[in-house]
There are 2 protein chains.
Amino acid sequence: METKGKRILIADDEPDILEIVSYNLGKEGYEVYTAKDGNEAIERAKQLNPDLIILDVMMPKKTGVEVCSILRSQALFQETLIIFLTALSDEASHIKGLETGADDYVSKPISPKVLVSRVNALFRRVNKDDGKTLKIGNISIDPVKFMVEIEGKEIILAKKEFELLYLLASKPGRVFLRNEILSQVWGMDVIVGDRTIDVHIRKIRQKLGVDCITTVKGVGYKFEI
Amino acid sequence: METKGKRILIADDEPDILEIVSYNLGKEGYEVYTAKDGNEAIERAKQLNPDLIILDVMMPKKTGVEVCSILRSQALFQETLIIFLTALSDEASHIKGLETGADDYVSKPISPKVLVSRVNALFRRVNKDDGKTLKIGNISIDPVKFMVEIEGKEIILAKKEFELLYLLASKPGRVFLRNEILSQVWGMDVIVGDRTIDVHIRKIRQKLGVDCITTVKGVGYKFEI
DNA sequence: TTTTGTGTAAACTTAATGTTATCATGGAAA
DNA sequence: TTTCCATGATAACATTAAGTTTACACAAAA
């Protein structure tokens, strides 16, 4: 599940919060950018076109709710995810937030862990391909249960094995170059040896017991029945 | 996936980096040109009209960011791909880079492998022609599935065979000189014997079972039904 | 702490693919 | 018709990519 490349913009007037949240989301692999008030949030959102914007409700210049409705009025931000940070008590802005089209809200004081998991959940929910059980022939691959089923028989794959299989199976028939596989499953910046993919492929073939991964020599691998 | 013919300009003031990157991208089949400062980068970009420009952010004369925004302001470089090389810590220029319209950025210290895969990925993302299924009569040639289908029957070709067939079929009726075929499928710096093409042609004819490749004696080959 | 599972690397084997050498063939020019 | 030459055919050979196995490092679980 690569989180790489997802851009998150977080706007809050408290530097501490910016820092803590940035750090924790950054650790998850997201690209995090910050803004310290409402106007800056809008400006940077336009520059960056982030995948997710986290808005504090109480901010100088413009409140989170205002920012949200301004952004939502533009086509570019129709699909952008927005999370509000609200004071626990502030029920009113919670409601306003949902009205103006927020996707989630998190109450202060923030637990980094909670926020991170909400963010992940949001991306998972949205990312259409993500979390969808793939069914190809009598093989079903469920990334939520993290499980592969062949004719009712459950098969446990290790993490990397599963990710690799899921990638291939996500576009049956399509050939994935080794490079593509590396960058999607391992991440762009991870360097692993040449044989590593083979070994994983082999383990998958072994565990599945069904020949559904085809080698296209000199090119890559593809999933097909 | 022929990378041949793609021109890359790389600008950096460190000769070592120029050399390493040139070598690695050259090995991939790209044509690589270099510049050692911002002004030279702009000058050569205008001469060469490269497909991709890799800019070090910290350069004498003009920084990469400056070069980028200058180039981007001209119509000619609207479509040109641009990658920044930045020091790991330098968040500010990363952001500036994205603002000025960079397509990707890579942190120093550079791993040649990473850079190469980023470059490939970038070209793949952009190259629209790539992955287009050719359909001529009842023959379809799908470079994504890496597969040839004739009247519903799937036929497996080896890599070179497929590339050769794909080339010929990309312009049905057009005669490809042996020289052209060599440089497109094998690359111009690869030297292979005279009979090599024939052998591959023969294998394709054999596997397809349909006579769709015509010999134009003394000239070359063409694809036609 | 020990155990177990997972991911990666290294060394080696196997198989697929690509290339060349050689000779055959068949058509065009002389 | 004969000669020449480009290409076809085939098998041997070379090269390269992938499969296999083992080992080891590391982290999570017991």
Side-chain angles (χ1 to χ4, degrees), chain A residues 1-2 27 146-148 155-168 175-187 189-223, chain B residues 1-2 27-29 111 113 146-148 155-168 175-187 189-223:
Chain A
M1 212 77 50
E2 259 318 306
K27 216 171 50 181
F146 207 81
M147 178 167 285
V148 179
I155 294 164
I156 310 291
L157 295 185
K159 190 161 156 264
K160 278 264 150 50
E161 291 161 18
F162 188 88
E163 286 174 1
L164 175 47
L165 176 64
Y166 192 78
L167 173 67
L168 295 180
V175 179
F176 289 83
L177 312 183
R178 288 172 155 260
N179 263 337
E180 283 179 291
I181 295 174
L182 274 184
S183 69
Q184 303 260 354
V185 177
W186 274 264
D189 326 325
V190 181
I191 295 160
V192 291
D194 255 6
R195 300 268 64 70
T196 300
I197 291 180
D198 310 6
V199 174
H200 285 271
I201 291 279
R202 179 170 172 277
K203 285 181 187 163
I204 294 171
R205 283 171 170 160
Q206 214 169 35
K207 287 188 183 176
L208 296 193
V210 181
D211 185 29
C212 56
I213 296 176
T214 310
T215 304
V216 182
K217 198 164 165 164
V219 185
Y221 295 91
K222 65 180 167 180
F223 183 97
Chain B
M1 208 78 46
E2 259 322 304
K27 216 172 48 181
E28 281 286 296
S111 142
K113 220 170 177 175
F146 208 85
M147 175 170 285
V148 179
I155 293 163
I156 309 290
L157 295 185
K159 189 167 163 252
K160 278 263 150 55
E161 292 161 18
F162 188 89
E163 286 174 359
L164 175 47
L165 177 64
Y166 192 79
L167 173 68
L168 295 181
V175 180
F176 287 84
L177 312 182
R178 295 174 88 89
N179 261 338
E180 280 180 292
I181 295 174
L182 274 184
S183 71
Q184 301 263 350
V185 177
W186 274 264
D189 38 354
V190 180
I191 296 161
V192 290
D194 251 9
R195 301 268 62 71
T196 300
I197 292 180
D198 311 4
V199 174
H200 283 274
I201 292 280
R202 181 177 169 271
K203 285 182 186 163
I204 295 171
R205 283 171 171 160
Q206 210 170 38
K207 287 190 183 175
L208 295 194
V210 181
D211 185 28
C212 55
I213 296 177
T214 309
T215 304
V216 182
K217 200 165 164 168
V219 187
Y221 296 91
K222 67 178 169 180
F223 183 97

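Worth saying up front: this structure is predicted, and the values here are computed from it rather than measured. Letters A, B, ... are given to chains in the order of the sequence lines, protein chains preceding strands, and every chain is numbered from 1.
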Within this structure, what is the [atom1]-to-[atom2] distance between [X] and [N], rounded to whole angstrom?
X        : N      : atom1 : atom2 : result
A/Ile197 : D/dA17 : CD1   : P     : 13 Å
A/Ile181 : C/dT8  : CD1   : P     : 14 Å
B/Lys203 : D/dG8  : NZ    : P     : 14 Å
A/Leu177 : D/dA18 : CG    : P     : 11 Å
A/Asn179 : D/dA18 : CG    : C1'   : 16 Å
B/Lys159 : D/dA17 : NZ    : C1'   : 10 Å
B/Glu163 : C/dT17 : CD    : P     : 13 Å
B/Ile201 : D/dT7  : CD1   : C1'   : 11 Å

How long is the straight-line distance from [atom2] of [Y] back to [atom1] of [X], given to the nearest 0.5 Å?
X        : Y        : atom1 : atom2 : answer
A/Ile204 : A/Ile155 : CD1   : CD1   : 11.5 Å
B/Ile201 : B/Thr196 : CD1   : OG1   : 12.0 Å
B/Leu165 : B/Cys212 : CG    : SG    : 6.5 Å

Please tell me if [X] has a side-chain N or O lying less than 4.0 Å from either OP1 or OP2 of [N].
X        : N      : result
A/Trp186 : C/dT8  : yes
B/Arg178 : D/dT7  : yes
A/Tyr221 : D/dG19 : yes
B/His200 : C/dT17 : no
B/Arg195 : C/dG18 : no
A/Thr215 : D/dG19 : yes

Problem - Closest contact, heavy atoms only, B/Leu157 versus B/Val148 - result: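 The answer is CD1-CG2, 3.8 Å.
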Looking only at the side chain of [X] (C-beta and beyond, no hydrogens), which of the listed nucleotides [options] gets closest?
X        : options                : result
A/Arg202 : D/dG19, D/dT21, D/dT7  : D/dT21
B/Glu161 : C/dG18, D/dT20, C/dT20 : C/dG18
A/Asp198 : C/dT6, C/dT19, D/dT20  : D/dT20
A/Lys160 : D/dA18, C/dT19, C/dT8  : C/dT8

May I ask you to say what [X] touches in the nucleic acid, namely base, sugar-phosphate or nothing, with a heavy-atom cut-off under 4.0 Å?
X        : result
B/Phe162 : nothing
B/Thr196 : base
B/Lys217 : base

Practice task
Could you tell me whether B/Asp198 and B/Arg205 have a side-chain N and a carboxylate O separated by less than 4.0 Å?
Solution key: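 The answer is no: the pair does not qualify as a salt bridge.
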Practice task
Determine, stepwise, if the pair A/Lys203 / A/Val199 fulfils side chain to side chain contact (heavy atoms under 4.5 Å, CB included).
Solution key: CA-CA 6 Å; A/Lys203 285 181 187 163; A/Val199 174; 3.9 Å; yes
Handout entry: From A/His200, A/Lys207, A/Arg202, residue fulfilling side-chain hydrogen bond (donor to acceptor under 3.5 Å, both in side chains) relative to A/Glu161
Key =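 The side-chain hydrogen bond (donor to acceptor under 3.5 Å, both in side chains) with A/Glu161 is passed solely by A/Lys207 among A/His200, A/Lys207, A/Arg202.
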Exercise for the section: For the pair A/Leu167 and A/Phe223, evaluate side chain to side chain contact (heavy atoms under 4.5 Å, CB included) and give the outcome as yes or no after the intermediate values. Expected result: CA-CA 9 Å; A/Leu167 173 67; A/Phe223 183 97; over 6 Å; no
Exercise for the section: Check each residue of residues 204-212 of chain A for a non-hydrogen atom within less than 4.0 Å of any atom in DNA chain D, then write out the ones that pass by number, or none. Expected result: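 DNA chain D contact set from residues 204-212 of chain A: A/Arg205.
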